[in-house]
Novice: 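Encoded as structure tokens, here's the structure I'll be asking about.
For ligands, and for the atoms within them, numbers begin at 1 and follow the listed sequence. Both backbone and side-chain heavy atoms feed into the values below; hydrogens, waters and symmetry mates do not. Numbering starts at 1 and runs along the sequence shown. No experiment lies behind these values; they were computed from the predicted model shown.
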Amino acid sequence: MYSLFFNLVLRRLPAEMVHHVAFWFLRAAMGFPFVGWCVKRLLEPSDPVLRVHALGLDFPSPIGLAAGFDKNALSPAALAGLGFGFIEVGTLTGQPQPGNPQPRLFRLSADRALINRMGFNNDGAQAAAARLATRGVGVVGGNIGKTKVVAEDDAISDYVISATALAPVVDYMVVNVSSPNTPGLRNLQAVEKLSPLLQAVRKALDAASPTRRVPLLVKIAPDLSDADVDAVADMSLELGLDGIIATNTTISREGLQTPPEQVAAMGAGGLSGAPVKNKAIEVLRRLKARTQDKMVLVAAGGIETADDVYERIKAGATLVQIYTGFIYHGPLLPYRLNRGLAQRLRAQRGQS
Ligand SMILES: Cc1cc2nc3c(=O)[nH]c(=O)nc-3n(C[C@H](O)[C@H](O)[C@H](O)COP(=O)(O)O)c2cc1C
């Protein structure tokens, strides 16, 4: 039914507008106590086989919502009610900023993909932290990036502002150095820049949350060379980082079904969804080989089915995240993935 609605209605409307209206509608609906209670009862993961203990946290399911959907931490609870095991808010920056001019989000329906150049439009880390102070239960991660007007050389202090504001109100923190839409951001993936950045953020987290250690992860691009992936893995182990998220969107436009002239007309941005899948798995496997069991790996990129989730878990992921699949397959996707994953995990463990 969602596919029909998507093809007949949603696909014809501007993608960013649909996002705002759909998210508003979800928040409004979940705001009615009886509706919220019913939806949660029906969709929230309750099967014990799905539970994961990682990063010192208890996840009701390993399937989470990736950063970028709830950039401003407007309602992680409403999204968790659909069945996500955790929600990552952000990317948040040290200063509020409008992001790039619209249009900046495009659908490639033939590829079940999106191109976005949102450019970290967000209210700033402080505003999000104030919202999260009253967020209630459920696992919520905070994803932080660099404010556009801040020079690359001053990036550390900008990340530190966000880390300090968010540390008391998030369960884990992600340093995002892999979005293609902030000039210079991906240069921070080079270990000589990444290492001091991560050390400074670690220090800021410990200072802002002295009684509870906030786990720290880094999110990387699928476009890194093998040598760069290895270097990030080695450095993460050396710094005692808690995890790596693989991957963000790609700048590649290879292997698309959408006509090249249409793709070109969409312009610059990060490509997400089904076309990122193979590259994201490759990076995950490489990280697993390099880090063994010493680090939590979070898989993202082109996950759409329970088989996709199971494949990432077998390839070494402890947790997975979804974004584009949620747009194409609709609000019942987390419920269906949880059910399908539970079946596969039971079969693997020889249970009925
Ligand atoms: C519209 C859009 C906005 C995004 N914004 C962010 C963001 O702010 N920060 C971030 O780390 N990743 C962001 N992402 C990347 C996703 O979190 C995810 O890593 C990527 O899309 C791959 O997963 P997917 O194929 O399931 O979408 C965004 C993705 C999309 C499609």
Novice: I'd like to check whether Ala300 has a polar contact with ligand 1, where a contact means an N/O of the residue lying under 3.5 Å from an N/O of the ligand.
Specialist: no

Novice: For atom 15 (C) of ligand 1, what is the nearest protein heavy atom, given as residue, atom name and distance?
Specialist: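 So the nearest neighbour among protein heavy atoms is Asn248 OD1, 3.4 Å.
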
Novice: Check each of Ala67, Ala274, Gly325 against atom 14 (N) of ligand 1 and report the one with the nearest heavy atom.
Specialist: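 Shortest heavy-atom distance from atom 14 (N) of ligand 1: Ala67.
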
Novice: Is Glu282 paired with Lys279 through a side-chain N to carboxylate O contact shorter than 4.0 Å?
Specialist: yes

Novice: Using a 3.5 Å distance criterion without hydrogens, assess whether the side chain of Thr147 forms a donor-acceptor pair with backbone atoms of Gly94.
Specialist: yes

Novice: With the threshold set at 4.0 Å, does a side-chain nitrogen-carboxylate oxygen contact exist between Asp230 and Arg290?
Specialist: yes

Novice: How does Thr324 reach ligand 1, by side chain, by backbone, by both or by neither, if only non-hydrogen atoms under 4.0 Å count?
Specialist: both

Novice: Measure the distance from atom 30 (C) of ligand 1 to every protein heavy atom, then report the residue, atom name and distance (to 0.1 Å) of the closest one.
Specialist: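 Looking only at protein heavy atoms, the one closest to atom 30 (C) of ligand 1 is Asn116 ND2, 3.4 Å.
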
Novice: Below 4.0 Å from ligand 1: does a non-hydrogen atom of Val276 turn up there or not?
Specialist: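 In this structure, Val276 fails to qualify as a contact of ligand 1 - no heavy atom is under 4.0 Å.
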
Novice: Answer with side chain, backbone, both or neither: which part of Lys71 has a heavy atom less than 4.0 angstrom from an atom of ligand 1?
Specialist: side chain

Novice: So which protein heavy atom does atom 1 (C) of ligand 1 come closest to, and at what separation?
Specialist: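 Residue, atom and distance for the closest contact: Tyr323 OH, 3.4 Å.
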
Novice: Return the residue, atom name and 0.1 Å-rounded distance of the protein heavy atom closest to atom 20 (C) of ligand 1.
Specialist: Thr249 CG2, 3.9 Å

Novice: Using a 4.0 Å heavy-atom cut-off, say whether Thr91 meets ligand 1 through its side chain, its backbone, both or neither.
Specialist: both

Novice: Among protein heavy atoms, which lies nearest atom 23 (O) of ligand 1, and at what distance?
Specialist: Gly301 N, 3.3 Å

Novice: Mind checking whether Asn176 contacts ligand 1 via backbone (N, CA, C, O), side chain (CB onward), both or neither, at a 4.0 Å heavy-atom cut-off?
Specialist: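 The answer is the side chain of Asn176.
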
Novice: Without swapping roles, check the side chain of Arg312 against the backbone of Gly301 for a donor-acceptor pair under 3.5 Å.
Specialist: yes

Novice: Counting heavy atoms only, which of Ala66, Ser178, Ser272 is nearest atom 31 (C) of ligand 1?
Specialist: Ser272

Novice: Would you mind telling me if ligand 1 is within reach of the side chain of Glu88, the backbone, both or neither, using heavy atoms under 4.0 Å?
Specialist: neither

Novice: Which atoms of ligand 1 have any heavy atom of Gly302 under 4.0 Å away?
Specialist: 24 (P), 25 (O), 26 (O)

Novice: So if I count the atoms of ligand 1 from 1 in the order they appear, which ones are less than 4.0 Å from some heavy atom of Asn143?
Specialist: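 In order of numbering, the contacting atoms are 10 (C), 11 (O).
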
Novice: Could you identify the single nearest non-hydrogen protein atom to atom 18 (C) of ligand 1 and state the distance to 0.1 Å?
Specialist: Lys219 NZ, 3.8 Å

Novice: With heavy atoms of Leu105 as the reference, note each atom of ligand 1 found under 4.0 Å away.
Specialist: 1 (C)

Novice: What is the ring orientation for His19 with Phe23, classed by angle as parallel under 30°, tilted 30 to 60°, or perpendicular over 60°?
Specialist: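 Geometry flag for Phe23 against His19: tilted rings.
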
Novice: What is the minimum heavy-atom distance between Tyr323 and Ala67, and which atoms define it?
Specialist: CD1-O, 3.5 Å

Novice: For Leu114, counting its heavy atoms only, list the atoms of ligand 1 lying under 4.0 Å from any of them.
Specialist: 31 (C)

Novice: Within a distance under 4.0 Å of any heavy atom of Thr247, pick out the atoms of ligand 1 and give their elements.
Specialist: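 What qualifies from ligand 1 is 19 (O), 22 (C).
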
Novice: Counting each atom of ligand 1 from 1 as listed, which ones have a heavy atom of Gly68 under 4.0 Å away?
Specialist: 4 (C), 5 (N), 6 (C), 7 (C), 8 (O)

Novice: My understanding is that only one of Asp123, Asp70, Asn72 makes a side chain to side chain donor-acceptor pair (under 3.5 Å) with Arg131; could you say which?
Specialist: Asp123

Novice: Do you know the tightest heavy-atom contact between Met118 and Leu105?
Specialist: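 Reported closest heavy-atom pair: SD-CB, 4.1 Å.
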
Novice: Check whether Asp242 reaches the backbone of Leu216 with its side chain - one donor and one acceptor, N or O, closer than 3.5 Å.
Specialist: yes

Novice: Evaluate the side chain to side chain donor-acceptor pair (under 3.5 Å) criterion for residues Ser225 and Asp228: first the C-alpha distance (whole Å), next the side-chain angles of each, then the deciding distance (0.1 Å), finally the verdict.
Specialist: CA-CA 5 Å; Ser225 69; Asp228 287 341; 3.3 Å; yes

Novice: Take Leu217 and Leu55, measure what side chain to side chain contact (heavy atoms under 4.5 Å, CB included) needs, and give me the verdict at the end.
Specialist: CA-CA 10 Å; Leu217 298 87; Leu55 303 169; 4.2 Å; yes

Novice: Does the side chain to side chain contact (heavy atoms under 4.5 Å, CB included) test come out yes or no for Leu108 and Met266, once each step is laid out?
Specialist: CA-CA 10 Å; Leu108 294 79; Met266 292 171 190; 3.8 Å; yes

Novice: Is Asp307 salt-bridged to Arg344, going by a charged N under 4.0 Å from an acidic O?
Specialist: yes

